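Numbering of ligands and ligand atoms starts at 1, following listing order. Keep in mind it's a predicted model, so treat the numbers as computed, not measured. Position 1 is the first residue of the sequence; numbering continues from there.
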Amino acid sequence: MKLIIFGPPGAGKGTLAQELQSRLGVPHLDMGGLLREEIERGSEVGKLVSFYISQGKLAPDEEVFEVLRQRLGQAEGYILDGFPRTTAQAEMLERVSPPDIVLNLVVPEEVIVKRLTARRLCRNCGAIYNLVSLPPAREGVCDRCGGELYQREDDRPEIVRERLRVYREQTEPVLQYYRKKGVVREVEGAESKEETLNRALKLLGL
Ligand code: AP5
Ligand code: MG
C-alpha cells in the first residue's frame, strides 16, 4: 500500500504513521525526520535545509525530493508523512511512485498549538510522546528503549505559528491536487492515538 498521511504541523501524522507501520508492515518515511538526520550528519543537504527548518519555512523542493528518492528506492509500499508539501512536490512523486490513498488528518489549530509545546521525542528511536496526552512512564526517558527525550527546536511557539502559516499557504492547496484524483479520505484526529488509529484503519478497510 502507498499511503500519504497529510495534515498540518502537530496533527499527529508521525504518531499515526508509527502505529500504521507496525500494523501494515510498510515502511514509514518521515520527511522532517529524514531532513533532521541529514542536519545531524552534517551533509551538504543538511547544511542547506537547516536554516529553513529552524525558521519554520519549507526547504527547497529539489533537495527534499532527492533525499526522499534515495529512501523510496524499490519499496513496494510506503507510509509517507510530511511529503508532498507543495504541488510541485506532488508532481515529482506522481512521476516516480503515486499514492493509492491520501489520509487527511483533521485537527483544530488550537489543539495543535497545545500539542506541539508539550511534545517530546526519543533521541534514540524517535518515539513520540506528549506531556499531556501521551506521557512517558518515567520523566525524560523513552518507554520503548530507555533513550533520552528531547524537545524539537522548531516547537517554540513563534516558529509553530510560522509553520502553520506556511501550511495554510503552501501545503493545504496540495489537497486539491489529490481531491481531483479522488484519492483523499478525511480522518478526524481523536483525543487519543488509539481512537485515531481505529478511525484510520476503518477508512482503509482494515
Ligand atoms: P515535520 O517534522 O514533518 O513537521 P510537521 O509537519 O510540522 O509535523 P510534526 O512532526 O510537527 O507533527 P506531526 O503531525 O507528525 O505530529 P506528531 O505525531 O508528532 O517537518 C519539519 C520541517 O522540515 C518543516 O517545517 C520543513 O522546514 C521541513 N520539511 C519537512 N518536509 C518537507 C517537505 N516535504 N518540503 C519542504 N520542507 C520540508 O504529534 C504531535 C503531538 O501530539 C505529539 O506530542 C503527540 O504525542 C501528540 N498526539 C498525536 N496524536 C495524538 C492524539 N490522537 N491524541 C492526543 N495527542 C496526540
Ligand atoms: Mg512528524
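- Within 4.0 Å of ligand 1, contacts by protein heavy atoms are made from P8, P9, G10, A11, G12, K13, G14, T15, M31, G32, L35, R36, I53, K57, L58, A59, V64, G82, F83, R85, Q89, R115, L116, R119, I128, Y129, N130, S133, L134, R152, D154, R163, A190, E191, S192, K193, T196.
- For the pair K180 and Y177, the cation does not sit on the ring face, since its NZ or CZ is not both under 6.0 Å from the ring centre and inside 45° of the axis.
- E191 is linked by a side chain to side chain donor-acceptor pair (under 3.5 Å) to nothing, counting only residues two or more places apart in sequence or in another chain.
- Applying the salt bridge (Lys or Arg N to Asp or Glu O under 4.0 Å) definition to pairs two or more places apart or across chains, those involving residues 112-132 are R119-D155, R123-E148.
- Between the side chains of E38 and S43, at least one donor N or O lies within less than 3.5 Å of an accepting N or O.
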Donor-acceptor contacts, no H, no angles, side chain residues 49-57, under 3.5 Å, sequence neighbours left out:
residue : atom : partner : partner atom : Å
S54     : OG   : S50     : O            : 3.3
S54     : OG   : F51     : O            : 2.9
K57     : NZ   : E162    : OE2          : 2.6

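- Salt bridge R165/E169: present, at least one basic N to carboxylate O contact under 4.0 Å.
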